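Sharing a structure with you now.
Each ligand, and each atom within it, is numbered from 1 in the order the structure gives. Since the structure is predicted, the reported quantities are computational estimates derived from the model, not experimental observations. Only heavy atoms go into these numbers, but all of them, side chains included; no hydrogens, no water, no symmetry mates. By convention here, the first residue in the shown sequence is residue 1.
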Amino acid sequence: MIEVKNSWFKYKDIEVLRDINVTIKEGESVALIGPNGSGKSTFLKLINGIIFPTEGKYYFNGEEINSKVLGNNNFSKGFHKKVGFVFQNSDAQLFCSNVYEEVAFGLRQMGMDEKEVERRVGDCLRLLDIEDLKDREPYNLSGGEKKRVAIASVLALNPEVLVLDEPMNGIDPKGKNFLRTLLTRLNESGKTIICSTHDFQYVEGVFKRALVFSEDHKIIRDDNYEVVINDTDFLVQYNIK
Ligand code: ADP
Ligand code: MG
């Protein structure tokens, strides 16, 4: 489904991803772990077609993703419908005047009729347990509430792949437990989950695979998630724990 081949990424002349080779199959649940600045967010932006490899290739379902194909409006809509991205900073994702409009926005962009929009928004508000918030202004919500709204707006499009950048950041324990259960259920229902995290305590049972990024911006380990997080010597050696 996802194939990143010999990919490098640079901001000006600073390398932030070095020779990345990763294949992710449909239905996987993958955690990205690694110290701050190792390149996790950059990798997720690449998966979402926000940036493109400076060298190397990224294929989604066999199709190369680059600025040229995403310049095609139809292709771009189709791609962004299949791959949903929950930003690290919810404020960068939420811009509508109320929660209902926020969750409906992407559906309307896709040209869906209002009856179906209403049904899907209702489903997603229920799934995230935020029906009570539907008339609230996203801007004034708490961090945890904003995160739920952002996830609802992404799930509304029913993406095949759900990509999340540090979703547990700034969320209280109850919210984290809710998110953990939600991610597990979504993966069980067939969605591919790719998620950066360093909140190991609250993601128990969510991931089967871990990609470990090092301070020098490489993937140094690609392994069973449980095996990696229980390898304390390794985590300490690479400044992850
Ligand atoms: P992580 O998510 O693992 O903390 P990032 O992918 O955010 O790491 O960042 C990787 C590196 O890229 C860091 O050294 C960071 O300073 C740098 N970086 C991120 N965004 C930019 C940018 N817009 N311009 C220049 N450097 C950036
Ligand atoms: Mg990051």
ask   = What residue and atom, counting heavy atoms only, is the protein's closest point to atom 23 (N) of ligand 1, and at what distance?
value =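 Of every protein heavy atom, Tyr11 CE2, 3.5 Å lies nearest to atom 23 (N) of ligand 1.
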ask   = Would you say Ser41 has an N, O or S atom lying under 2.8 Å from the Mg ion (ligand 2)?
value =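 So Ser41 does bind the Mg ion (ligand 2) by this criterion.
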ask   = Lys57 and Asn66: side-chain donor and acceptor closer than 3.5 Å?
value =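 There is no such pair between these side chains.
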query = For ligand 1, which atoms, with element, lie under 4.0 Å from some heavy atom of Ser41?
reply =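 Counting from 1, the qualifying ligand atoms are 1 (P), 2 (O), 6 (O), 7 (O).
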message = His217 versus ligand 1: do any nitrogen or oxygen atoms come within less than 3.5 Å of each other?
response =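 N/O-N/O distance under 3.5 Å: no.
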inquiry  = So if I count the atoms of ligand 1 from 1 in the order they appear, which ones are less than 4.0 Å from some heavy atom of Ser38?
reply    =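 Selected atoms, number and element: 1 (P), 3 (O), 8 (O).
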Closest approach of any protein heavy atom to atom 17 (C) of ligand 1, naming residue and atom = Val16 CG1, 3.7 Å
ask   = Between Phe9 and Val16, is any pair of side-chain heavy atoms under 4.5 Å apart?
value =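 The answer is yes; the side chains approach within 4.5 Å.
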query = Protein heavy-atom contact under 4.0 Å for atom 11 (C) of ligand 1?
reply =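 It does; a protein heavy atom is within 4.0 Å.
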task = Do me a favour and list the nearest non-hydrogen protein atom to atom 8 (O) of ligand 1 with residue, atom name and distance?
result = Gly39 N, 3.2 Å
key: Atoms in ligand 1 flagged as close to Lys40, the criterion being non-hydrogen separation under 4.0 Å   =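 In order of numbering, the contacting atoms are 1 (P), 2 (O), 3 (O), 4 (O), 6 (O), 8 (O).
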request  = Say whether Lys208 and Asn187, considering side chains only, have a donor N or O and an acceptor N or O under 3.5 Å apart.
outcome  = yes
Contacting atoms of ligand 1, where contact means under 4.0 angstrom from a heavy atom of Asn36 = 4 (O)
Distance-only N or O hit between ligand 1 and Thr42, under 3.5 Å =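 Yes; the residue has a nitrogen or oxygen that sits under 3.5 Å from a nitrogen or oxygen of the ligand.
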inquiry  = Check for me whether Ile14 has a heavy atom closer than 4.0 Å to any atom of ligand 1.
reply    =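 For ligand 1, residue contact (heavy atoms, under 4.0 Å) with Ile14 is absent.
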task = Run through Leu17, Ile24, Thr23, Ile47 and flag the one making a side chain to side chain contact (heavy atoms under 4.5 Å, CB included) with Val4.
result =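 It is Ile47; the other options fail the test.
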note = Exactly one candidate in Tyr59, Phe60, Phe85 meets ring pair (Phe, Tyr, Trp, His ring centres under 6.0 Å) with Phe79; the answer is Phe60
ask   = Near Pro35, which atoms of ligand 1 are under 4.0 Å from a heavy atom of that residue?
value =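 Counting from 1, the qualifying ligand atoms are 3 (O).
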message = Does any part of the side chain of Tyr202, heavy atoms only, come nearer than 4.5 Å to the side chain of Arg180, both counted from C-beta?
response = no
query = Side chain, backbone, both or neither: which part of Ser196 comes within less than 4.0 Å of ligand 1 when only heavy atoms are counted?
reply = neither
ask   = Distance only, no hydrogens: is a donor on one side chain within 3.5 Å (strictly under) of an acceptor on the other, for Asp199 and Thr197?
value =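 Not at all, the side chains of Asp199 and Thr197 share no donor-acceptor pair under 3.5 Å.
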query = With only distance considered, is Lys45 within less than 3.5 Å of ligand 1 through an N or O on each side?
reply = no
query = About how many Å separate CD of Glu137 and CD of Glu101, when rounded to the nearest 0.5 Å?
reply =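 CD of Glu137 is found 12.5 Å from CD of Glu101.
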key: Validation row: Phe213, Ile220 side chains within 4.5 angstrom (heavy atoms)   = no
message = Among all protein heavy atoms in this structure, tell me which lies nearest to atom 4 (O) of ligand 1, with the distance rounded to 0.1 Å.
response = Gly37 N, 2.7 Å
ask   = Do Asn239 and Glu215 meet the criterion of a side-chain donor-acceptor pair at a distance under 3.5 Å?
value = yes
